[in-house]
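Working notes for the structure below.
Each chain gets a letter, A, B and so on, in the order its sequence line appears, and its residues count up from 1.
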Number of protein chains: 2
Amino acid sequence: MDDHDFEHLLRGAELRVTRPRLAVLRAVRRHPHADTGSVLAAVRVEQPAVSHQAVYDVLGVLSESGLVRRIQPAGSVARYELRVGDNHHHVVCRSCGEVADVDCAVGVRPCLDASDTHGFVIDEAEVTYWGTCPACSTDRTPSQSRTTEGTR
Amino acid sequence: MDDHDFEHLLRGAELRVTRPRLAVLRAVRRHPHADTGSVLAAVRVEQPAVSHQAVYDVLGVLSESGLVRRIQPAGSVARYELRVGDNHHHVVCRSCGEVADVDCAVGVRPCLDASDTHGFVIDEAEVTYWGTCPACSTDRTPSQSRTTEGTR
DNA sequence: CCAGAAATCTTGACTCGTTCAAGAAAAGGC
DNA sequence: GCCTTTTCTTGAACGAGTCAAGATTTCTGG
């Protein structure tokens, strides 16, 4: 995934190719699962003049177009990743909020057969694994980087 | 689940039995998947003097104690339910944000065997089904009650 | 290469869910 | 009933995200 690919991705989605958009794509590539603030910081390393609103807008249109995927574990702010279209899942650390990718062992569309869906038409099954990351498992003083505590 | 049960639940969790707590439990029982604002409104029907902070506190301790379960689908505010301990899952409407319970057909601990967990110690697998609720499937003008749009 | 229309970005104010902090009130053991 | 501790009220504050208006940029077509 180099800048050339990004340009093609944007054009393929009928989006204009702009400096902020390329910078955001590069930032998300370099920092998988980064939140908006981190993306903004990464973007400004190369493009100091980009506004926070632009980053929100860009992440919004890229998500809608399916070029990036937005995830938001409970108690976390929105996070973004480039890995898209394979419906992989995520492990989230209850202690520090760290996120990692996980391929579900059950198959391509895990658990997509819910028993009684109450008439809902389902198009995606999203699995979030909750637990403790290696660092927090060992550490006696886990880094409290999460904004709110986990559900349990 | 009557008030007597609620009192026992609280005492069993070593929590004091107070009017606000009982009112919150009743509110969550009557309005499954309600957000904090709705719980507050329901509480104030019977206890007009209860503060919003009290409701936040109560929902917080009840969640920590496992008496209620807190869920927060991406793009939604926190929601609460009494049904607890059975690790059931949820369908969320992308259009209006409506939530319904779903029992996973795969088994009691669905998808809990992730392939490579990157050293995380996993204690829960949470499945969120995304789709369209019956009302929004039919309706030409879906109610836009969600705060932000869905991921895709 | 240049002009025009449409999309995108900047600026700055603002909303809303949630949290923080300090003091008042209530719960429960003795 | 009294005392200690927990819980609640009050009121301010925070931060992620949104809204809106005007300036810039992109890209199409001449």
Side-chain angles (χ1 to χ4, degrees), chain A residues 6-8 10-25 34-41 43-44 46-65 67 70-80 97 144-151, chain B residues 6-8 10-25 34-41 43-44 46-65 67 70-80 97 144-151:
Chain A
F6 288 153
E7 194 179 325
H8 276 78
L10 288 169
R11 294 200 194 281
E14 300 192 331
L15 294 173
R16 293 186 176 175
V17 179
T18 68
R19 290 186 175 287
R21 285 178 177 172
L22 289 174
V24 165
L25 284 168
D35 59 25
T36 310
S38 304
V39 172
L40 177 58
V43 164
R44 282 186 170 161
E46 44 173 289
Q47 312 274 339
V50 172
S51 67
H52 79 131
Q53 186 60 256
V55 171
Y56 274 101
D57 284 350
V58 169
L59 288 171
V61 300
L62 294 183
S63 297
E64 280 173 36
S65 309
L67 300 196
R70 177 184 358 219
I71 63 170
Q72 190 174 6
S76 168
V77 296
R79 292 162 174 273
Y80 298 87
Q144 299 290 354
S145 75
R146 300 200 67 200
T147 49
T148 62
E149 268 312 308
T151 304
Chain B
F6 288 154
E7 195 179 324
H8 277 77
L10 288 169
R11 294 198 195 282
E14 301 192 331
L15 294 173
R16 292 186 177 176
V17 180
T18 68
R19 290 186 175 287
R21 285 177 178 171
L22 289 173
V24 165
L25 283 167
D35 60 24
T36 311
S38 305
V39 171
L40 177 58
V43 163
R44 282 187 170 159
E46 42 172 293
Q47 313 274 338
V50 172
S51 66
H52 79 131
Q53 185 60 258
V55 171
Y56 274 100
D57 284 350
V58 169
L59 288 171
V61 299
L62 294 183
S63 297
E64 281 174 34
S65 309
L67 300 196
R70 175 183 0 218
I71 63 170
Q72 190 173 6
S76 168
V77 298
R79 292 162 174 272
Y80 299 88
Q144 300 288 354
S145 74
R146 299 201 66 199
T147 48
T148 61
E149 269 312 308
T151 304

Using atom [atom1] of [X] as one end and atom [atom2] of [N] as the other, report the distance to the nearest whole Å.
X        : N       : atom1 : atom2 : answer
Tyr56(A) : dG17(D) : OH    : P     : 4 Å
Leu40(A) : dT11(C) : CG    : P     : 12 Å
Arg70(B) : dG17(C) : CZ    : P     : 15 Å
Leu62(B) : dT7(D)  : CG    : P     : 10 Å
Glu14(B) : dG29(C) : CD    : P     : 11 Å
Gln47(B) : dA26(C) : CD    : P     : 12 Å
Asp57(A) : dT25(D) : CG    : P     : 16 Å
Gln72(A) : dG17(C) : CD    : C1'   : 12 Å

Take Pro20(B) and Arg16(B), find for each the nucleotide of DNA chain D with the closest heavy atom, and name the residue whose nucleotide sits nearer the 5' end.
->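 Looking at DNA chain D, the more 5' nearest nucleotide goes with Arg16(B).
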Is any side-chain heavy atom of [Y] closer than 4.5 Å to one of [X]?
X        : Y        : answer
Val24(A) : Leu59(A) : yes
Leu10(B) : Leu25(B) : yes
Thr36(A) : Val77(A) : no
Arg19(B) : Glu46(B) : no
Phe6(A)  : Leu67(A) : no

Which residue lies toward the 5' end of DNA chain C, Ala78(B) or Val17(B), if each is placed at its nearest nucleotide?
->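 Nearest-nucleotide comparison on DNA chain C picks Ala78(B).
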Are OP1 or OP2 of [N] and a side-chain N or O of [X] less than 4.0 angstrom apart?
X        : N       : answer
Thr18(A) : dA7(C)  : no
Arg19(A) : dT26(D) : no
Arg21(A) : dT26(D) : no

Identify whether any heavy atom of Val61(B) sits under 4.0 Å from a base atom; if not, whether one sits that close to sugar-phosphate; answer base, sugar-phosphate or nothing.
->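 Val61(B): no heavy atom of the nucleic acid under 4.0 Å.
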Select one nucleotide: of dT9(D), dT18(C), dG17(D), the one nearest the side-chain heavy atoms of Val77(B).
->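 The nucleotide sitting nearest to the side chain is dT18(C).
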Any idea which of dC9(C), dT18(D), dC8(D) is nearest the His52(A) side chain?
->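 Ranking dC9(C), dT18(D), dC8(D) by closest atom to the His52(A) side chain puts dT18(D) first.
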